[in-house]
Amino acid sequence: MKKLRLNLLVVADLKNIRDYIAEDNAEKARETIDKIFNVFEKLRMFPGMGTELSKRVKFITRYLYLAWKDYIVLYQVNEEYIEIYRVISRYQDITKVFE
């Protein structure tokens, strides 16, 4: 099983997600973050379960993405690890993440 590496931007993404949900329901916010971490663990076991991002955007990229509920997990698979690059809302323009 590959190691998991989180980009520093993921920490901010998860904090923003938690804070947004916690405005209405703190317990649901904790559950959502826990479930997102479960998605990360599934990617460690099955790194190929995502889809090539290049199929969704108009530029070439080595990133993969996995949709889970209202979120998109952007990641790359390297020899030794899976790097989670971002976790964004599925309603967000994914191309703006790379600007």
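Under the 4.5 Å side-chain heavy-atom criterion for Ile, Leu, Val, Met, Phe, Trp and Tyr, Leu74 and Tyr91 are members of distinct hydrophobic clusters. There is a path of hydrophobic side-chain contacts, each under 4.5 Å, that joins Leu6 to Phe46. Using a 4.5 Å cut-off between side-chain heavy atoms of Ile, Leu, Val, Met, Phe, Trp and Tyr, with links allowed through other members, Ile72 and Ile82 fall into different hydrophobic clusters. Under the 4.5 Å side-chain heavy-atom criterion for ILVMFWY residues, no single connected hydrophobic cluster contains both Leu8 and Phe37. Hydrophobic clustering (side-chain heavy atoms under 4.5 Å, transitive across Ile, Leu, Val, Met, Phe, Trp, Tyr) groups Val77 together with Val10.
Enclosure of atom CZ in Arg18 by more than 12 non-hydrogen atoms of other residues, nucleotides or ligands within 6.0 angstrom is indicated. By the 6.0 Å contact criterion, CD on Glu27 is enclosed, its count of non-hydrogen atoms from other residues, nucleotides or ligands being greater than 12.
Val97 places a side-chain heavy atom less than 4.5 Å from the side chain of Gln92. Residues Val73 and Lys42 fail the side-chain proximity criterion, which asks for heavy atoms closer than 4.5 Å.
Atom OH of Tyr63 and atom CD1 of Ile94 lie 11.5 Å apart (nearest 0.5 Å). Here Ile88 contributes atom CD1 and Asp70 contributes atom CG; the two are 12.0 Å apart, rounded to the nearest 0.5 Å. Of the inter-residue distances, the one linking Phe40 atom CZ with Leu4 atom CG reads 7.0 Å to the nearest 0.5 angstrom. Atom OG1 of Thr32 sits about 5.0 Å away from atom NZ of Lys28, to the nearest 0.5 Å. Distance CD1/Ile36 to CD/Glu31: 12.0 Å, rounded to 0.5 Å. The line from CG of Leu43 to CD of Glu83 is 12.5 Å long, rounded to the nearest 0.5 Å.
Here the shortest heavy-atom pairing between Val87 and Asp13 reads N-OD2, 3.0 Å. For the pair Ala29 and Ala22, the tightest heavy-atom approach, listed with the atom from each and the gap, is CB-N, 3.7 Å. Nearest heavy-atom pair across Leu64 and Pro47 is CD1-O, 3.9 Å. Contact between Leu66 and Gly50 at its shortest, heavy atoms only, is CD1-CA, 4.3 Å. Nearest heavy-atom pair across Lys69 and Arg90 is O-CD, 3.4 Å.
Between Tyr71 and Trp68, the two ring planes are parallel [angle under 30°; tilted spans 30° to 60°].
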*asked:* I'd like to know whether Asn78 forms a side-chain contact (heavy atoms from CB on, under 4.5 Å) with Arg62, so could you lay out the CA-CA distance, the side-chain angles of the two residues, the decisive distance to 0.1 Å, and finally the verdict.
replied: CA-CA 10 Å; Asn78 295 306; Arg62 292 187 52 222; 4.1 Å; yes
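Asn7 places a side-chain N or O within donor-acceptor distance of the main-chain N or O of Leu9, the cut-off being under 3.5 Å. The main-chain N or O of Lys2 is found under 3.5 Å from a side-chain atom of Arg44 such that the two form a donor-acceptor pair. Without hydrogens or angle criteria, Thr61 side chain to Ser54 main chain gives no donor-acceptor distance under 3.5 Å.
Among Asn38, Ile21, Ile17, the single residue meeting the side chain to side chain contact (heavy atoms under 4.5 Å, CB included) criterion with Ile33 is Ile17.
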